[in-house]
Every structure is written in structure tokens, then in C-alpha cells.
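Note: hydrogens, waters and symmetry copies are ignored here, and every other heavy atom, side chains too, is used. By convention in this document, chain letters (A, B, ...) are assigned in the order of the sequence lines, proteins followed by strands, and residues within each chain are numbered from 1.
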Protein chains: 2
Amino acid sequence: MATDTKTALLNSAERAARTRGFDGFSYADLSADVGIRKASIHHHFPTKAALSVALMERYYDDLKAVCDQIDVSHKTGGARLTALIDRYRSALEGGKSLCLCVSFSTSRESLPEEVIAQIGRFREMIIAWTETVFAAGQTDGSIAHVANPAVEAAAALPLLEGAQLAARVEENPALFDSAVQILTQRL
Amino acid sequence: MATDTKTALLNSAERAARTRGFDGFSYADLSADVGIRKASIHHHFPTKAALSVALMERYYDDLKAVCDQIDVSHKTGGARLTALIDRYRSALEGGKSLCLCVSFSTSRESLPEEVIAQIGRFREMIIAWTETVFAAGQTDGSIAHVANPAVEAAAALPLLEGAQLAARVEENPALFDSAVQILTQRL
DNA sequence: AAATGCCTACCTAGTAGTAGGACGATTTCT
DNA sequence: AGAAATCGTCCTACTACTAGGTAGGCATTT
């Protein structure tokens with residue numbers, strides 16, 4: 001089916017972008033991975049810029065769904081924060097991968113303006129959600145020492161991202177754990 | 001003089017790497033910037049990998065000197081932490097640049113193993129120094145709520161780096177400020 | 001004489017993207 | 001219903017360009 005190929009391309013591209021960066025994979029790589037000729041990829045995604053937009057769009061929707069799901073399955077602010085941290089931790093995949101947002105942030109140069117805007121919206125969405133998490137944790141007492149949920153949220157995302165970057169550069173997930181200990185020790 | 005050309009190349013390469021990433025500049029770019037032919041660059045740095053090693057080596061020494069200087073010119077832990085934050089903030093250059101360590105961390109794929117090791121040493125050095133800063137702030141009371149200097153230090157560097165990344169992707173230094181507010185509000 | 005620093009000219013490999021055709025499925029027209 | 005045209009998907013073959021790197025020569029300095 002048509003949709004399958006397109007999804008397979010997105011899956012392959014996302015994995016490649018997260019492990020090797022947006023400039024770290026080519027249409028030739030996707031071609032080999034998905035099993036369709038290089039030129040045929042252009043049928044689904046005319047340019048690499050268009051591919052990047054599609055990737056970021058899907059990623060935004062995915063993460064929004066993740067946050068919604070966490071709200072449903074975890075009741076306290078502390079449990080929700082833990083779930084978010086776990087999500088970023090598992091995205092590391094043993095120190096070989098990043099979340100797409102971090103990966104794209106590092107490839108700014110090669111991305112169209114539209115993706116930059118998408119990244120901005122993505123970050124706002126995550127930070128806004130995180131603020132509700134800290135506010136809940138403040139209210140229900142599941143996160144210690146919350147003075148200002150907005151300040152906490154504005155720091156939490158960059159911390160998670162910086163921790164991912166540090167852990168991947170040395171392929172050592174323990175660096176992620178030690179970086180986010182400042183959060184986990186309060187739970 | 002010979003040294004001048006070499007230094008000019010390093011300067012140009014560092015600026016390029018910090019603004020456009022290690023994969024974002026070529027020997028052709030350096031050639032145009034420094035005013036010597038592309039092939040001549042290979043005389044000074046046989047491979048781009050060799051250039052990356054030289055860049056990171058110089059950067060390590062630079063930052064070590066910066067930390068030493070901060071220790072001399074700033075007496076309290078709080079003042080030293082502020083100085084470090086300011087350093088990372090000014091490295092942003094209006095949201096167009098990163099510190100070399102972050103930039104290189106994002107280009108892991110393209111860098112030789114030696115540079116990865118250098119990055120590890122660099123991060124250890126900064127974190128160790130930052131721990132002394134938090135310990136001092138704890139003792140002299142200039143940083144509030146320091147429970148564990150080691151945990152604080154392990155988080156501070158990733159936070160600064162993540163904050164830089166976020167600020168650059170949208171070319172908005174205010175994002176850096178809002179991310180590090182969790183630190184500055186304690187000073 | 002030797003080394004340094006730089007040059008012109010070139011190579012190989014890889015990049016995104018294009019042109020144009022094959023082929024099967026679906027839709028449309030008679 | 002059957003023929004014809006259209007569309008979606010994929011193909012081979014190619015273009016234009018950029019990348020890092022090499023070979024070999026020519027001055028100037030030591």
C-alpha cells in the first residue's frame with residue numbers, strides 16, 4: 001500500500017535523524033533501508049525539507065498524545081514528572097539516540113523555517129504541559145520545594161535535552177541519570 | 001607568519017563550527033574567510049578530523065583559563081556561578097552561536113574518537129569546577145538551597161547547554177534566560 | 001640544501017534533485 | 001459491460017554540485 005511506504009520512510013528517517021542527525025542520513029540511506037529506489041522517495045517527499053516538516057509534524061502529535069496519556073495514567077505531579085523523565089531517558093536508547101526535537105535543534109542550518117517554527121511550538125507545548133505537572137506536584141505535595149511552576153518548567157525541558165546530549169556524546173546513559181538527579185531526588 | 005595563518009584558521013573554524021556546526025562549514029568556507037587556497041589549509045591541518053582535535057584542544061585550555069580567572073576575580077560561590085552563566089550567555093551571541101562543546105556534541109558522527117574523548121574530559125573539568133563553586137556557595141551562603149554540590153554541578157552544565165541549544169534554535173536569548181532562571185533566582 | 005607555506009589542477013565519492021518511462025489499478029466515457 | 005484515459009507508484013538514468021583530500025610545483029626563508 002501507498003501509506004505503508006510513506007510511513008516506512010518516516011520511520012526510517014526518524015530513526016536515522018535521531019541517531020545520526022538530520023544531515024547524517026541521505027536519501028540513499030533511506031532507499032537502502034526501506035527497499036525502494038532513491039528517486040522514488042522524491043515521489044513521497046519532493047524535498048528533504050518537506051520530509052523534515054512531515055517528521056516534525058508527526059513528532060509533535062506523538063508527544064502531545066504521550067502527554068495526554070500520562071495525564072490519564074498518572075495522577076500525581078510527581079508521577080507525571082517521572083513519566084516524562086522516563087520518556088526522555090528511554091529515547092536515549094542506550095546513548096545512541098536523541099529525541100527528534102533535540103536532534104533537529106542541532107541541525108538548525110539545514111532545516112526550513114517552517115520546521116524551526118514547529119520546534120518552537122513543540123517546545124511551548126511541552127513546557128506548558130510541564131508547568132501543569134509542577135503545579136500539580138506543588139499542590140499534591142508529590143514534588144518537593146516547588147516555588148514557581150513556570151520557572152521549574154522552563155528549566156526542566158532544557159535540562160532533559162542537555163542531559164540527553166551529554167549522555168549521547170559519550171554513549172553513556174548514566175550521564176543522563178546524574179544530570180536529572182536534581183529532579184529525581186525531589187520525588 | 002606561519003602561526004598567524006594557523007591561528008586565523010582556528011579562529012575562522014571555531015566561529016563557523018559554533019554558528020553552523022562542524023558539518024556546516026567546509027575547507028572552501030575557511031579558504032574564502034581566511035584568504036588562502038583550499039588546498040593550503042591541508043598544509044596546516046591535514047584532515048578535518050585533525051582540525052577538530054586542534055579546535056577542541058584550544059577550547060579546553062581556554063575554558064580552563066576562564067575558570068581559573070573566575071576563581072581569581074570572583075570570591076563567592078554565587079558570584080562565580082553568575083560569571084559562568086554569563087560566559088555561556090555571551091557565547092550565544094544573540095542566539096546565533098553555541099559554545100564549542102555543545103556544537104561538537106551535536107556533531108558526534110563526524111568527529112574522530114579523540115575529540116569524543118576530549119569532550120568527555122572537558123565536561124568532567126567543568127563539572128568538577130562547578131562542584132567547587134556550589135560547595136563554596138553552600139559554605140558562604142551566596143547560593144540558596146544547596147543540598148548536594150555534586151548533584152547541582154552534574155545538572156548545571158547540561159542545563160546551560162540545553163538552554164543554549166533552545167535559545168539558538170529560535171535565535172532568542174530570552175529562552176536562555178528563562179531556562180537558567182532556576183539558578184539565577186537562588187543568587 | 002632543506003624546509004616552510006602556498007599555489008594550480010585534479011580526483012573520488014557522495015549529495016539532493018530531475019526527466020521520462022513502465023506498469024497496474026481505478027475511474028470515466030461510450 | 002467494455003474500452004479508454006487517468007492516476008499512483010516505482011523504476012532507470014542522469015544532472016549539477018559540493019565535500020574532503022591529493023599530486024606536484026614554485027617561491028621565500030633558514
Side-chain angles (χ1 to χ4, degrees), chain A residues 1-56 103-104 106-116, chain B residues 1-56 58 100 103-104 106-116:
Chain A
M1 280 171 235
T3 313
D4 277 357
T5 301
K6 199 161 190 169
T7 304
L9 285 169
L10 284 172
N11 291 344
S12 176
E14 178 172 333
R15 168 144 263 99
R18 286 178 42 198
T19 56
R20 310 197 296 274
F22 184 70
D23 300 318
F25 75 93
S26 69
Y27 271 30
D29 296 329
L30 299 184
S31 167
D33 192 27
V34 173
I36 125 177
R37 291 293 159 174
K38 207 185 62 163
S40 307
I41 304 176
H42 287 280
H43 173 72
H44 298 281
F45 302 102
T47 63
K48 211 182 172 188
L51 173 60
S52 70
V53 171
L55 279 174
M56 198 61 211
S103 172
F104 271 15
T106 69
S107 312
R108 189 182 200 291
E109 275 274 305
S110 318
L111 298 169
E113 273 306 312
E114 185 169 351
V115 170
I116 305 301
Chain B
M1 279 168 231
T3 314
D4 275 359
T5 300
K6 198 161 191 168
T7 304
L9 285 169
L10 285 172
N11 292 344
S12 176
E14 179 173 332
R15 169 144 262 98
R18 286 178 43 197
T19 55
R20 308 197 298 273
F22 184 69
D23 300 318
F25 74 94
S26 69
Y27 271 31
D29 296 329
L30 298 185
S31 166
D33 193 29
V34 173
I36 109 179
R37 292 292 158 176
K38 206 184 62 160
S40 307
I41 304 176
H42 287 280
H43 173 73
H44 298 281
F45 303 102
T47 64
K48 210 183 173 188
L51 172 60
S52 70
V53 171
L55 279 174
M56 198 62 212
R58 190 175 74 153
L100 192 66
S103 172
F104 271 15
T106 70
S107 311
R108 189 183 199 291
E109 276 274 305
S110 318
L111 298 168
E113 273 306 313
E114 185 170 349
V115 170
I116 304 302

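In this structure, the nucleotide among C:dC6, D:dG20, D:dA19 sitting nearest to the side chain of B:Lys48 is D:dG20. Candidate nucleotides D:dC11, C:dC7, D:dC14 were compared by shortest atom distance to the side chain of A:Lys38, and D:dC14 ranks first. For B:Ile36, whose side chain is taken as the heavy atoms from C-beta onward, the closest listed nucleotide among D:dA19, C:dC7, D:dC11 is C:dC7. For A:Ala28, the listed nucleotide lying nearest its side chain is C:dT15; candidates were C:dT15, D:dA19, C:dA9.
Between the CG atom of A:Asp29 and the C1' atom of C:dA16 there is a distance of 13 Å, given to the nearest Å. The NE2-P distance, from A:His42 to C:dG20, rounds to 16 Å in whole Å. The distance between atom CG of B:Leu51 and atom P of D:dA19, rounded to the nearest whole Å, is 15 Å. Here the P atom of nucleotide C:dC7 and the OH atom of B:Tyr27 are 15 Å apart, to the nearest Å. What separates CZ of A:Arg37 from P of D:dG8 is a distance of 24 Å, to the nearest Å. Atom CG in A:Leu111 sits about 15 Å away from atom C1' in C:dA16, given to the nearest Å.
Regarding contacts with the backbone of D:dC11, every side-chain N or O of A:His43 stays at 4.0 angstrom or more from both OP1 and OP2. The phosphate of C:dG5 has neither OP1 nor OP2 within less than 4.0 Å of any side-chain N or O from B:Thr5. In terms of phosphate contacts, B:His44 brings a side-chain nitrogen or oxygen within less than 4.0 Å of OP1 or OP2 of C:dC6.
Classified by interplanar angle (parallel below 30°, tilted 30° to 60°, perpendicular above 60°), the ring pair B:Phe104/B:Phe22 is perpendicular.
Take the nearest nucleotide of DNA chain C for B:Ser40 and for A:Phe45: the residue whose nucleotide is more 5' is B:Ser40.
Within 4.0 Å of A:Ser26, counting heavy atoms only, lie sugar-phosphate atoms of the nucleic acid but no base atom. Backbone-only contact: B:Phe25 has heavy atoms under 4.0 Å from sugar-phosphate atoms and none from a base.
We find the OG1-CZ distance between B:Thr19 and A:Arg108 to be 11.0 Å, quoted to the nearest 0.5 Å. With rounding to the nearest 0.5 Å, the separation of CD1 in B:Ile36 from NE2 in B:His44 is 4.5 Å.
When every heavy atom of B:Leu55 is checked against every heavy atom of B:Leu100, the shortest pair comes out as O-CD2, 3.7 Å. The shortest non-hydrogen separation linking B:Ser31 to B:Lys38 is OG-N, 3.5 Å.
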